[in-house]
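These notes concern the structure reproduced below.
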Protein chains: 2
Amino acid sequence: MADRAAVPEVIWARPERAGRGPKPAFRRADIAAAAVRIADGGGLDAVSMRHVAAELGCGTMSLYNYVPRKEDLYELMVDAVSGEHEEWEPSGDWRADMVRVAHQTRTLMHRHPWLPRLMSPVYGFSPNALRYLEHCLACLDGVEASYGTKMQLVGLLNGVVTMYVTNELATAERSRSLPWSEEQENAVRIAYLGSQIAGGAYPRMAAAFMEDPGPIDLDAVFDMALGKVLDAFAPRGAGL
Amino acid sequence: MADRAAVPEVIWARPERAGRGPKPAFRRADIAAAAVRIADGGGLDAVSMRHVAAELGCGTMSLYNYVPRKEDLYELMVDAVSGEHEEWEPSGDWRADMVRVAHQTRTLMHRHPWLPRLMSPVYGFSPNALRYLEHCLACLDGVEASYGTKMQLVGLLNGVVTMYVTNELATAERSRSLPWSEEQENAVRIAYLGSQIAGGAYPRMAAAFMEDPGPIDLDAVFDMALGKVLDAFAPRGAGL
DNA sequence: GCGCACTACGTACGCTGTACGTAACTAGGA
DNA sequence: TCCTAGTTACGTACAGCGTACGTAGTGCGC
């Protein structure tokens with residue numbers, strides 16, 4: 001009996017190919033790719049063991065030969081798209097490199113809108129996550145600070161990016177599981193908001209929504225927040 | 001026929017009591033409280049329509065008289081605990097007030113560990129969320145800045161708090177749905193991490209984990225990040 | 001070449017959200 | 001005042017989920 005993990009197991013520590021039986025029909029990468037394909041097309045909730053198996057053309061339960069739990073499938077997915085992170089020779093300007101890293105992460109999350117929901121520090125040590133972290137640290141090589149501080153910077157940056165993209169995608173991703181359109185939902189919510197504000201109980205909120213700053217440039221908002229966070233760590237181009 | 005929402009509907013716009021039929025057995029607050037109780041005790045995944053109904057002592061489908069979709073139950077929950085936010089007379093020192101707000105939010109999230117997962121800008125305009133936002137804006141009354149900037153500050157602050165608490169709770173909340181303990185899982189993951197680092201492919205990661213900064217004080221880390229974010233908006237006690 | 005670990009996968013269980021139908025109830029209009 | 005239409009309550013049912021378990025069949029290590 002294979003004793004399907006009564007004890008914790010990191011999927012990455014498990015060898016792709018066991019010694020004994022018939023050779024596996026897929027590689028882990030195939031499975032991850034199939035799951036990513038489904039999530040990209042139909043949202044994270046479309047990723048079920050049955051769907052992934054169908055996408056691969058195998059029986060549902062066969063997947064459990066590769067992935068002990070669905071949770072591990074998620075971990076495979078996150079690692080797979082983490083592999084899309086490009087790396088480059090550190091430019092010497094760590095601030096510029098960090099901005100580039102952040103933009104790249106944001107692009108990645110827009111390409112795979114389910115990614116923010118799966119972002120977890122627990123997945124932070126998959127093979128591709130390690131490569132990514134090492135690259136970030138390399139970009140910070142010239143900075144005089146402890147690795148602890150550098151890790152905190154990278155963590156905060158990642159967090160802020162995740163947060164912003166989550167907000168950027170919130171209504172769009174939400175409308176995927178709703179029986180009506182995003183615009184309809186927004187209209188109804190804004191109508192309610194208007195009625196509440198008109199009540200006079202929230203004068204400052206009312207003023208805020210009267211301001212009408214014109215169309216919001218999400219890219220600019222993101223860049224501004226990113227800049228502020230970096231400023232917080234290095235106020236005037238000094239070290240951390 | 002009641003035509004159970006073929007068109008979007010904000011739950012807050014629906015009256016608690018309809019004119020016609022028998023008087024409802026519960027108020028929305030009862031249902032929210034029951035769901036919160038279950039989530040506090042058994043995690044968010046324990047919140048199913050059947051469980052909530054059982055907690056209330058009514059049939060499962062009766063809930064759908066109060067809540068058109070499960071999603072709306074979540075919205076009720078977030079609003080309910082948002083009501084736990086205390087308010088106070090703005091002190092005049094907006095930075096101190098913002099720190100207090102952030103600490104309060106963090107405490108709230110530790111009391112209701114499922115809250116970060118449900119944090120969504122979509123729920124940002126429930127009654128208690130409006131009260132909360134209005135209070136934040138009131139604390140910023142003396143600051144010379146547009147309401148847009150103020151909203152951005154509040155948003156960024158909330159986001160950073162959410163992010164930090166998510167990380168603080170990640171392993172604990174995760175272990176709730178796992179058949180083994182948090183410590184076991186951590187041990188296995190650290191063992192894997194060690195083996196990878198020992199391979200020599202990630203020299204900086206290796207150095208980072210050699211550093212051993214001693215026990216981490218989560219409160220201090222949180223306060224530091226919070227301070228940096230506030231510094232980013234108001235470098236030296238100036239206005240925004 | 002034997003045995004056993006492994007792959008493949010069908011069946012089945014308990015759980016989920018919720019569509020639908022029915023019975024009891026009550027407020028508004030005649 | 002009675003009638004009726006809209007609401008509440010809730011049992012049943014269905015499609016889908018993760019996954020435990022059992023059974024074949026395959027091919028490496030001894």
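Letters go in sequence order (proteins before strands), and every chain restarts at 1. Treat the numbers as computed from the prediction; the structure is a model and nothing was measured.
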So how far is it from [X] [atom1] to [Y] [atom2], rounded to the nearest 0.5 Å?
X: A/Phe26; Y: A/Leu63; atom1: CZ; atom2: CG; result: 8.0 Å
X: A/His135; Y: A/Leu137; atom1: NE2; atom2: CG; result: 10.5 Å
X: B/His110; Y: B/Leu169; atom1: NE2; atom2: CG; result: 5.5 Å

N or O in side chain of B/Ser62 less than 4.0 angstrom from D/dC10 OP1/OP2: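 True: B/Ser62 side-chain N/O within range (under 4.0 Å) of D/dC10 OP1/OP2.
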
Between B/Tyr66 and D/dA9, is there a contact of a side-chain N or O with OP1 or OP2 at under 4.0 Å?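 Affirmative; the distance criterion is met.
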
For side chain to side chain donor-acceptor pair (under 3.5 Å), just list the numbers for A/Asn186 and A/Arg189, CA-CA rounded to whole Å, side-chain angles, deciding distance to a tenth of an Å, and then say yes or no. CA-CA 5 Å; A/Asn186 281 348; A/Arg189 295 196 100 95; over 6 Å; no

Nearest-Å distance, [atom1] ([X]) to [atom2] ([N])?
X: B/Asn65; N: D/dG11; atom1: CG; atom2: P; value: 13 Å
X: A/Leu63; N: C/dC6; atom1: CG; atom2: P; value: 18 Å
X: B/Tyr64; N: D/dT12; atom1: OH; atom2: P; value: 17 Å
X: A/Leu56; N: C/dC9; atom1: CG; atom2: P; value: 11 Å
X: A/Glu16; N: C/dC6; atom1: CD; atom2: C1'; value: 15 Å
X: A/Met49; N: C/dG10; atom1: CE; atom2: P; value: 15 Å
X: B/His51; N: C/dG14; atom1: NE2; atom2: P; value: 14 Å
X: B/Lys70; N: C/dT16; atom1: NZ; atom2: C1'; value: 8 Å

Donor/acceptor link under 3.5 angstrom from A/Arg50 side chain onto base of D/dG16: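 Such a pair does not exist between side chain and base.
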
B/Glu86 atom CD: more than 12 heavy-atom contacts under 6.0 Å: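 No, because the 6.0 Å sphere around CD of B/Glu86 holds 12 heavy atoms or fewer from other groups.
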
Carboxylate-amine/guanidinium contact B/Arg117 B/Asp45, below 4.0 Å: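 A salt bridge is present here (some side-chain N lies under 4.0 Å from a carboxylate O).
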
Should B/Arg28 and B/Asp79 count as an ion pair when the cut-off is N to O under 4.0 Å?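 No, B/Arg28 and B/Asp79 are not salt-bridged.
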
Using a 3.5 Å distance criterion without hydrogens, assess whether the side chain of A/Gln196 forms a donor-acceptor pair with backbone atoms of A/Leu193.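 Checked: no pair found.
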
So does A/Tyr132 get a backbone contact from the side chain of A/His85, meaning a donor-acceptor N/O pair under 3.5 Å?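 Absent.
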
In chain order, what residues pass the ring pair (Phe, Tyr, Trp, His ring centres under 6.0 Å) check against B/Phe222, with sequence neighbours excluded?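 Counting only residues at least two positions away or on another chain, B/Phe222 forms a ring pair (Phe, Tyr, Trp, His ring centres under 6.0 Å) with B/His103.
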
Below 4.0 angstrom, which residues in residues 26-43 of chain A have at least one non-hydrogen atom near DNA chain D?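 Here the set is empty: none.
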
Taking only the side-chain heavy atoms of B/Pro24 (C-beta and beyond), determine which of C/dC9, C/dT18, D/dT8 contains the nearest atom.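 Closest nucleotide to the B/Pro24 side chain: D/dT8.
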
Which pairs, protein N/O on one side and nucleotides 27-30 of chain C N/O on the other, fall under 3.5 Å?
unit_1 : atom_1 : unit_2  : atom_2 : d
C/dA27 : O4'    : B/Arg20 : O      : 3.3

For a quick check of understanding: with a heavy-atom distance under 4.0 Å over all strands, which category does B/Val52 fall into, base, sugar-phosphate or nothing?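 It contacts nothing in the nucleic acid.
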
Base, sugar-phosphate or nothing for B/Ala25? Non-hydrogen atoms, less than 4.0 Å.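 The answer is sugar-phosphate, as B/Ala25 gets under 4.0 Å only of primed atoms, P, OP1 or OP2.
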
If you pin B/Pro22 and B/Gly57 to their nearest nucleotides in DNA chain D, which one's is more 5'?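 Result of the comparison: B/Pro22.
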
